[in-house]
Number of protein chains: 2
Amino acid sequence: MDHTRWLDADEQRTWRAFLTANRLVLDRIERQLSQDSGMPLAYYEILVRLSEAPGHTLRMSTLASTALSSRSRLSHAVARLEEAGWVRRRACPTDRRGALAELTPEGMAVLEAAAPGHVESVRATLFDHLSPGQQAALREIVETLIGALSETPEWPAAQDATCATDARR
Amino acid sequence: MDHTRWLDADEQRTWRAFLTANRLVLDRIERQLSQDSGMPLAYYEILVRLSEAPGHTLRMSTLASTALSSRSRLSHAVARLEEAGWVRRRACPTDRRGALAELTPEGMAVLEAAAPGHVESVRATLFDHLSPGQQAALREIVETLIGALSETPEWPAAQDATCATDARR
DNA sequence: GCTCAACAGATGAATGCTCAACTACATTGG
DNA sequence: CCAATGTAGTTGAGCATTCATCTGTTGAGC
(Lines give C-alpha, C1' and ligand atoms only; values in the text may rest on other atoms or scores of the structure.)
Protein backbone atom coordinates (compact mmCIF):
# COMPACT_ATOMS: atom_id res chain seq x y z
CA MET A 1 0.00 0.00 0.00
CA ASP A 2 1.71 3.09 -1.26
CA HIS A 3 -0.06 6.05 0.29
CA THR A 4 2.92 8.31 -0.14
CA ARG A 5 1.82 11.80 -1.07
CA TRP A 6 4.38 12.30 -3.80
CA LEU A 7 5.39 15.76 -4.91
CA ASP A 8 3.74 16.99 -8.09
CA ALA A 9 5.75 18.71 -10.80
CA ASP A 10 5.33 22.17 -9.31
CA GLU A 11 6.34 21.04 -5.88
CA GLN A 12 9.36 19.17 -7.21
CA ARG A 13 10.48 22.24 -9.01
CA THR A 14 9.97 24.44 -5.99
CA TRP A 15 11.78 22.06 -3.68
CA ARG A 16 14.80 21.64 -5.90
CA ALA A 17 15.03 25.34 -6.57
CA PHE A 18 14.74 25.96 -2.86
CA LEU A 19 17.69 23.70 -2.17
CA THR A 20 19.76 25.19 -4.96
CA ALA A 21 19.02 28.77 -3.99
CA ASN A 22 19.85 28.11 -0.38
CA ARG A 23 23.14 26.62 -1.31
CA LEU A 24 24.00 29.46 -3.62
CA VAL A 25 23.12 32.09 -1.06
CA LEU A 26 24.71 30.48 1.95
CA ASP A 27 27.85 29.40 0.11
CA ARG A 28 28.48 32.97 -0.93
CA ILE A 29 27.87 34.45 2.46
CA GLU A 30 29.96 31.80 4.11
CA ARG A 31 32.80 32.14 1.65
CA GLN A 32 32.97 35.89 1.91
CA LEU A 33 33.05 35.69 5.67
CA SER A 34 35.65 32.95 5.77
CA GLN A 35 37.92 34.67 3.32
CA ASP A 36 37.66 38.20 4.64
CA SER A 37 37.29 37.55 8.35
CA GLY A 38 38.49 34.01 8.84
CA MET A 39 35.39 32.77 10.59
CA PRO A 40 32.36 30.72 9.62
CA LEU A 41 28.90 32.25 9.68
CA ALA A 42 27.98 30.30 12.80
CA TYR A 43 30.78 31.94 14.75
CA TYR A 44 29.91 35.35 13.43
CA GLU A 45 26.38 34.87 14.67
CA ILE A 46 27.58 33.96 18.11
CA LEU A 47 29.58 37.16 18.27
CA VAL A 48 26.58 39.14 17.09
CA ARG A 49 24.31 37.68 19.74
CA LEU A 50 26.84 38.41 22.44
CA SER A 51 27.39 41.94 21.21
CA GLU A 52 23.68 42.59 21.57
CA ALA A 53 23.41 41.17 25.06
CA PRO A 54 23.62 43.32 28.20
CA GLY A 55 27.18 43.29 29.41
CA HIS A 56 28.17 41.48 26.23
CA THR A 57 27.43 38.34 28.20
CA LEU A 58 25.00 35.48 27.76
CA ARG A 59 24.34 32.18 29.40
CA MET A 60 25.47 29.25 27.26
CA SER A 61 22.05 27.70 27.07
CA THR A 62 20.44 31.02 26.16
CA LEU A 63 23.01 31.54 23.48
CA ALA A 64 22.38 28.04 22.20
CA SER A 65 18.64 28.47 21.87
CA THR A 66 19.07 31.85 20.23
CA ALA A 67 19.50 30.78 16.65
CA LEU A 68 22.04 28.11 17.26
CA SER A 69 20.31 25.03 18.65
CA SER A 70 22.63 22.20 19.61
CA ARG A 71 24.46 22.62 22.91
CA SER A 72 27.33 20.52 21.74
CA ARG A 73 27.91 22.74 18.75
CA LEU A 74 28.01 25.77 20.95
CA SER A 75 30.50 24.21 23.34
CA HIS A 76 32.87 23.43 20.52
CA ALA A 77 32.35 26.80 18.93
CA VAL A 78 32.93 28.76 22.13
CA ALA A 79 36.01 26.68 22.81
CA ARG A 80 37.43 27.82 19.48
CA LEU A 81 36.35 31.40 19.98
CA GLU A 82 38.02 31.35 23.36
CA GLU A 83 41.26 30.10 21.85
CA ALA A 84 41.09 32.96 19.41
CA GLY A 85 40.54 35.37 22.26
CA TRP A 86 37.21 36.71 20.98
CA VAL A 87 35.19 35.22 23.84
CA ARG A 88 35.84 34.47 27.49
CA ARG A 89 34.09 31.89 29.62
CA ARG A 90 32.96 32.76 33.13
CA ALA A 91 31.15 30.96 35.90
CA CYS A 92 27.47 31.64 36.40
CA PRO A 93 26.92 33.18 39.85
CA THR A 94 23.37 31.88 40.38
CA ASP A 95 23.74 28.36 39.07
CA ARG A 96 26.98 26.56 39.61
CA ARG A 97 26.59 24.22 36.70
CA GLY A 98 25.98 27.12 34.33
CA ALA A 99 28.53 29.00 32.30
CA LEU A 100 28.53 32.47 30.84
CA ALA A 101 30.10 33.51 27.60
CA GLU A 102 31.39 37.05 27.40
CA LEU A 103 32.52 38.90 24.31
CA THR A 104 36.01 40.33 24.79
CA PRO A 105 37.04 43.75 23.48
CA GLU A 106 39.12 41.96 20.87
CA GLY A 107 36.08 39.97 19.85
CA MET A 108 34.05 43.14 19.57
CA ALA A 109 36.74 44.71 17.43
CA VAL A 110 36.86 41.70 15.14
CA LEU A 111 33.10 41.74 14.83
CA GLU A 112 33.05 45.42 13.96
CA ALA A 113 35.72 44.86 11.37
CA ALA A 114 33.81 41.95 9.85
CA ALA A 115 30.38 43.52 9.83
CA PRO A 116 30.57 45.88 6.84
CA GLY A 117 31.83 43.23 4.46
CA HIS A 118 29.30 40.74 5.70
CA VAL A 119 26.36 43.11 5.41
CA GLU A 120 27.47 44.11 1.97
CA SER A 121 27.58 40.49 0.88
CA VAL A 122 24.14 39.77 2.34
CA ARG A 123 22.81 42.69 0.40
CA ALA A 124 24.58 41.79 -2.81
CA THR A 125 23.60 38.15 -2.52
CA LEU A 126 20.02 38.39 -1.39
CA PHE A 127 18.29 41.75 -1.16
CA ASP A 128 19.66 43.32 -4.31
CA HIS A 129 17.97 40.65 -6.38
CA LEU A 130 14.52 40.84 -4.82
CA SER A 131 11.81 43.42 -5.33
CA PRO A 132 10.21 44.99 -2.25
CA GLY A 133 7.22 42.72 -2.79
CA GLN A 134 9.41 39.66 -2.97
CA GLN A 135 11.23 40.69 0.17
CA ALA A 136 7.94 41.07 2.00
CA ALA A 137 6.73 37.73 0.69
CA LEU A 138 9.97 36.05 1.67
CA ARG A 139 9.74 37.38 5.16
CA GLU A 140 6.18 36.23 5.52
CA ILE A 141 7.09 32.77 4.29
CA VAL A 142 10.10 32.26 6.50
CA GLU A 143 8.27 33.58 9.53
CA THR A 144 5.41 31.21 8.81
CA LEU A 145 7.86 28.35 8.68
CA ILE A 146 9.53 29.37 11.90
CA GLY A 147 6.16 29.52 13.60
CA ALA A 148 5.17 26.13 12.33
CA LEU A 149 8.46 24.35 12.93
CA SER A 150 9.61 25.73 16.22
CA GLU A 151 6.35 25.03 18.00
CA THR A 152 6.35 21.44 16.80
CA PRO A 153 9.39 20.05 18.56
CA GLU A 154 9.51 16.49 17.24
CA TRP A 155 13.24 16.84 17.65
CA PRO A 156 13.62 20.40 18.80
CA ALA A 157 17.07 20.62 20.26
CA ALA A 158 16.48 17.58 22.35
CA GLN A 159 19.60 15.90 21.15
CA ASP A 160 19.82 13.84 24.28
CA ALA A 161 18.04 10.58 23.73
CA THR A 162 17.67 10.04 27.46
CA CYS A 163 13.97 9.49 26.95
CA ALA A 164 14.51 6.60 24.59
CA THR A 165 15.91 4.39 27.32
CA ASP A 166 13.00 4.71 29.74
CA ALA A 167 10.13 5.37 27.37
CA ARG A 168 9.01 1.76 27.22
CA ARG A 169 9.17 0.91 30.88
CA MET B 1 34.28 56.94 5.34
CA ASP B 2 31.59 54.47 6.19
CA HIS B 3 29.51 53.98 3.09
CA THR B 4 28.24 50.62 4.22
CA ARG B 5 24.64 50.13 3.22
CA TRP B 6 23.50 48.70 6.54
CA LEU B 7 20.39 46.60 6.77
CA ASP B 8 17.29 48.41 8.01
CA ALA B 9 15.03 46.85 10.64
CA ASP B 10 12.88 45.02 8.09
CA GLU B 11 15.86 43.60 6.29
CA GLN B 12 17.49 42.50 9.51
CA ARG B 13 14.36 40.70 10.49
CA THR B 14 14.01 39.05 7.11
CA TRP B 15 17.61 37.95 7.02
CA ARG B 16 17.63 36.45 10.48
CA ALA B 17 14.32 34.73 9.91
CA PHE B 18 15.66 33.42 6.63
CA LEU B 19 18.64 31.88 8.37
CA THR B 20 16.54 30.41 11.13
CA ALA B 21 13.94 28.97 8.80
CA ASN B 22 16.57 27.42 6.60
CA ARG B 23 18.18 25.77 9.54
CA LEU B 24 14.89 24.46 10.86
CA VAL B 25 13.85 23.07 7.51
CA LEU B 26 17.16 21.56 6.49
CA ASP B 27 17.92 20.13 9.92
CA ARG B 28 14.65 18.24 9.88
CA ILE B 29 15.04 16.91 6.40
CA GLU B 30 18.60 15.94 7.06
CA ARG B 31 17.81 14.27 10.35
CA GLN B 32 14.94 12.24 8.98
CA LEU B 33 17.07 11.03 6.12
CA SER B 34 20.04 10.19 8.31
CA GLN B 35 17.96 8.33 10.83
CA ASP B 36 15.72 6.43 8.47
CA SER B 37 18.08 5.80 5.59
CA GLY B 38 21.52 6.37 6.99
CA MET B 39 22.62 8.91 4.43
CA PRO B 40 22.97 12.67 4.31
CA LEU B 41 20.84 14.74 1.97
CA ALA B 42 23.79 15.40 -0.32
CA TYR B 43 24.22 11.68 -0.98
CA TYR B 44 20.52 11.19 -1.51
CA GLU B 45 20.62 13.89 -4.14
CA ILE B 46 23.47 12.21 -5.95
CA LEU B 47 21.49 8.99 -6.12
CA VAL B 48 18.45 10.88 -7.39
CA ARG B 49 20.41 12.55 -10.15
CA LEU B 50 21.90 9.27 -11.24
CA SER B 51 18.55 7.53 -11.16
CA GLU B 52 17.18 10.13 -13.57
CA ALA B 53 20.09 9.87 -15.99
CA PRO B 54 20.02 7.66 -19.08
CA GLY B 55 21.63 4.36 -18.19
CA HIS B 56 21.73 5.49 -14.58
CA THR B 57 25.11 6.92 -15.46
CA LEU B 58 26.54 10.41 -15.40
CA ARG B 59 29.88 12.00 -15.93
CA MET B 60 31.45 13.17 -12.67
CA SER B 61 31.69 16.78 -13.75
CA THR B 62 28.11 16.80 -14.98
CA LEU B 63 26.98 15.32 -11.72
CA ALA B 64 29.00 17.93 -9.86
CA SER B 65 27.48 20.88 -11.67
CA THR B 66 23.98 19.47 -11.28
CA ALA B 67 23.11 20.82 -7.88
CA LEU B 68 26.29 19.81 -6.15
CA SER B 69 29.03 22.25 -7.06
CA SER B 70 32.46 21.37 -5.72
CA ARG B 71 34.31 18.61 -7.54
CA SER B 72 36.22 17.65 -4.45
CA ARG B 73 33.03 17.08 -2.55
CA LEU B 74 31.72 14.82 -5.25
CA SER B 75 34.91 12.78 -5.34
CA HIS B 76 34.72 12.12 -1.64
CA ALA B 77 31.01 11.45 -1.76
CA VAL B 78 31.21 9.02 -4.64
CA ALA B 79 34.08 7.27 -2.90
CA ARG B 80 31.82 6.67 0.08
CA LEU B 81 28.88 5.68 -2.06
CA GLU B 82 31.11 3.22 -3.86
CA GLU B 83 32.22 1.68 -0.58
CA ALA B 84 28.57 1.25 0.32
CA GLY B 85 27.96 -0.36 -3.03
CA TRP B 86 25.32 2.14 -4.19
CA VAL B 87 27.46 3.54 -6.98
CA ARG B 88 30.15 2.16 -9.29
CA ARG B 89 32.88 4.14 -11.00
CA ARG B 90 33.68 3.49 -14.64
CA ALA B 91 36.09 4.94 -17.17
CA CYS B 92 34.80 7.45 -19.68
CA PRO B 93 35.22 6.04 -23.20
CA THR B 94 35.56 9.37 -25.02
CA ASP B 95 37.81 11.21 -22.60
CA ARG B 96 40.46 9.28 -20.78
CA ARG B 97 40.72 11.70 -17.91
CA GLY B 98 36.98 11.53 -17.29
CA ALA B 99 35.10 9.20 -15.00
CA LEU B 100 31.53 8.00 -15.03
CA ALA B 101 29.42 7.28 -12.00
CA GLU B 102 26.80 4.60 -12.36
CA LEU B 103 24.00 3.80 -9.96
CA THR B 104 24.01 0.12 -9.03
CA PRO B 105 20.82 -1.93 -8.60
CA GLU B 106 21.49 -1.92 -4.87
CA GLY B 107 21.76 1.85 -4.94
CA MET B 108 18.50 2.08 -6.83
CA ALA B 109 16.82 -0.15 -4.28
CA VAL B 110 18.12 1.93 -1.41
CA LEU B 111 16.92 5.07 -3.11
CA GLU B 112 13.46 3.65 -3.68
CA ALA B 113 13.30 2.60 -0.07
CA ALA B 114 14.36 6.02 1.13
CA ALA B 115 12.15 8.10 -1.14
CA PRO B 116 8.74 7.81 0.52
CA GLY B 117 10.00 8.83 3.94
CA HIS B 118 11.98 11.68 2.49
CA VAL B 119 9.13 13.02 0.41
CA GLU B 120 6.82 12.78 3.37
CA SER B 121 9.23 14.77 5.49
CA VAL B 122 9.65 17.43 2.80
CA ARG B 123 5.92 17.75 2.68
CA ALA B 124 5.46 17.81 6.42
CA THR B 125 8.31 20.26 6.90
CA LEU B 126 7.74 22.68 4.07
CA PHE B 127 4.66 22.40 1.89
CA ASP B 128 2.12 21.58 4.56
CA HIS B 129 2.77 24.91 6.21
CA LEU B 130 2.51 27.10 3.13
CA SER B 131 -0.60 28.25 1.28
CA PRO B 132 -0.70 27.78 -2.49
CA GLY B 133 0.04 31.47 -2.86
CA GLN B 134 3.04 31.21 -0.58
CA GLN B 135 4.31 28.21 -2.47
CA ALA B 136 4.07 30.09 -5.73
CA ALA B 137 5.77 33.12 -4.22
CA LEU B 138 8.52 30.97 -2.77
CA ARG B 139 9.18 29.36 -6.09
CA GLU B 140 9.34 32.68 -7.83
CA ILE B 141 11.75 34.02 -5.24
CA VAL B 142 14.13 31.10 -5.26
CA GLU B 143 14.14 30.94 -9.03
CA THR B 144 14.91 34.63 -9.16
CA LEU B 145 17.83 34.05 -6.84
CA ILE B 146 19.11 31.15 -8.86
CA GLY B 147 18.97 33.22 -12.00
CA ALA B 148 20.80 36.09 -10.38
CA LEU B 149 23.44 34.09 -8.57
CA SER B 150 24.35 31.39 -11.03
CA GLU B 151 24.94 33.81 -13.89
CA THR B 152 27.22 35.94 -11.77
CA PRO B 153 30.11 33.61 -11.15
CA GLU B 154 32.30 35.62 -8.81
CA TRP B 155 33.11 32.26 -7.25
CA PRO B 156 30.85 29.93 -9.17
CA ALA B 157 32.36 26.56 -8.70
CA ALA B 158 35.77 27.83 -9.63
CA GLN B 159 37.38 26.49 -6.53
CA ASP B 160 40.70 26.34 -8.24
CA ALA B 161 42.54 29.56 -7.76
CA THR B 162 44.64 28.96 -10.84
CA CYS B 163 43.60 32.35 -12.17
CA ALA B 164 44.99 34.16 -9.16
CA THR B 165 48.56 33.35 -10.06
CA ASP B 166 48.49 34.66 -13.62
CA ALA B 167 45.82 37.30 -13.44
CA ARG B 168 48.22 40.16 -12.97
CA ARG B 169 50.76 39.29 -15.63
C1' DG C 1 55.06 17.86 -33.53
C1' DC C 2 55.96 20.39 -29.06
C1' DT C 3 55.05 23.25 -25.52
C1' DC C 4 52.14 25.15 -22.30
C1' DA C 5 47.81 26.28 -20.39
C1' DA C 6 43.29 24.49 -19.28
C1' DC C 7 40.62 20.53 -17.72
C1' DA C 8 38.97 16.26 -15.01
C1' DG C 9 39.58 13.99 -10.95
C1' DA C 10 41.67 12.34 -6.87
C1' DT C 11 43.81 13.00 -2.41
C1' DG C 12 45.14 14.52 2.33
C1' DA C 13 45.11 17.74 5.99
C1' DA C 14 42.28 20.82 8.58
C1' DT C 15 37.87 22.31 10.27
C1' DG C 16 33.13 22.25 11.89
C1' DC C 17 29.19 19.47 13.05
C1' DT C 18 26.60 15.44 15.02
C1' DC C 19 25.94 11.86 18.10
C1' DA C 20 26.51 9.49 22.22
C1' DA C 21 28.45 9.33 26.53
C1' DC C 22 29.83 11.57 30.75
C1' DT C 23 30.36 14.92 34.89
C1' DA C 24 28.51 17.93 37.93
C1' DC C 25 24.90 20.43 39.95
C1' DA C 26 19.90 21.26 40.96
C1' DT C 27 15.28 19.99 42.06
C1' DT C 28 11.51 17.29 43.22
C1' DG C 29 9.06 13.73 45.93
C1' DG C 30 8.87 10.88 49.62
C1' DC D 1 17.23 14.69 54.44
C1' DC D 2 17.92 11.40 50.64
C1' DA D 3 17.11 9.19 46.38
C1' DA D 4 15.81 9.73 41.78
C1' DT D 5 15.39 12.41 37.94
C1' DG D 6 16.24 16.33 35.21
C1' DT D 7 19.30 20.11 33.63
C1' DA D 8 23.87 22.56 32.03
C1' DG D 9 27.66 21.91 29.83
C1' DT D 10 31.76 19.32 28.11
C1' DT D 11 34.18 15.86 25.62
C1' DG D 12 35.75 12.62 22.02
C1' DA D 13 34.90 9.84 18.06
C1' DG D 14 33.15 9.73 13.44
C1' DC D 15 31.86 11.98 9.38
C1' DA D 16 31.20 15.53 5.59
C1' DT D 17 33.03 19.51 3.49
C1' DT D 18 36.67 22.69 2.16
C1' DC D 19 41.08 24.10 0.56
C1' DA D 20 45.37 23.34 -1.54
C1' DT D 21 47.90 20.34 -4.06
C1' DC D 22 48.89 16.80 -7.30
C1' DT D 23 48.53 13.56 -11.42
C1' DG D 24 47.29 12.68 -15.77
C1' DT D 25 44.92 14.13 -20.14
C1' DT D 26 43.32 17.24 -23.74
C1' DG D 27 43.73 20.99 -26.82
C1' DA D 28 45.48 25.37 -28.73
C1' DG D 29 49.26 28.13 -30.68
C1' DC D 30 53.68 28.42 -32.57
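Letters go in sequence order (proteins before strands), and every chain restarts at 1.
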Using the side-chain heavy atoms of B/Ser75, tell me which of these nucleotides is nearest: C/dG9, C/dT18, D/dC19.
C/dG9
Measuring only between side-chain heavy atoms, which start at C-beta, is B/Arg5 closer than 4.5 Å to A/Val119?
no
Send over the distance from B/Asp95 CG to C/dG9 P, rounded to a whole Å.
7 Å
Which of D/dA8, C/dG9, D/dG12 is nearest the side chain of A/His76? It is D/dG12
Taking atom P of C/dG16 as reference, at what distance in whole Å does atom CG of A/Asp27 sit?
16 Å
Using a strict heavy-atom distance below 4.0 Å, which residues from residues 47-66 of chain B are in contact with DNA chain D?
none
Separation of B/Arg71 atom CZ from C/dA10 atom P, in whole Å?
10 Å
Looking at B/Arg73 and B/Glu45, does any basic side-chain N land under 4.0 Å from a carboxylate oxygen?
no
Residue pairs meeting salt bridge (Lys or Arg N to Asp or Glu O under 4.0 Å), one or both in residues 32-42 of chain B, sequence neighbours left out, come to none
Between atom CG in A/Leu74 and atom P in C/dT18, what is the gap in whole Å?
12 Å
Just how far, in rounded Å, is P of D/dT11 from CZ of A/Arg73?
18 Å
Contact residues, residues 80-90 of chain A to DNA chain C [heavy atom, < 4.0 Å]:
A/Arg80
Distance-only donor-acceptor test (3.5 Å): side chain A/Ser72, base D/dT11
yes
Checking base pairs now: Watson-Crick or wobble, both atom distances under 3.5 Å. What partners C/dC22?
D/dG9
Distance check needed: C/dA14 P versus A/Met39 CE, whole Å only.
22 Å
In this structure, how many angstroms lie between the C1' atom of C/dA20 and the CD atom of B/Gln35, rounded?
13 Å
What about A/Ser34, does its side chain sit under 3.5 Å from the base of D/dT18 through a donor-acceptor pair?
no
Is any side-chain N or O of A/Arg97 under 3.5 Å from a base N or O of D/dT7, one able to act as donor and the other as acceptor?
yes
Let me know the distance between CD of A/Glu30 and C1' of C/dG16, rounded to the nearest Å.
10 Å
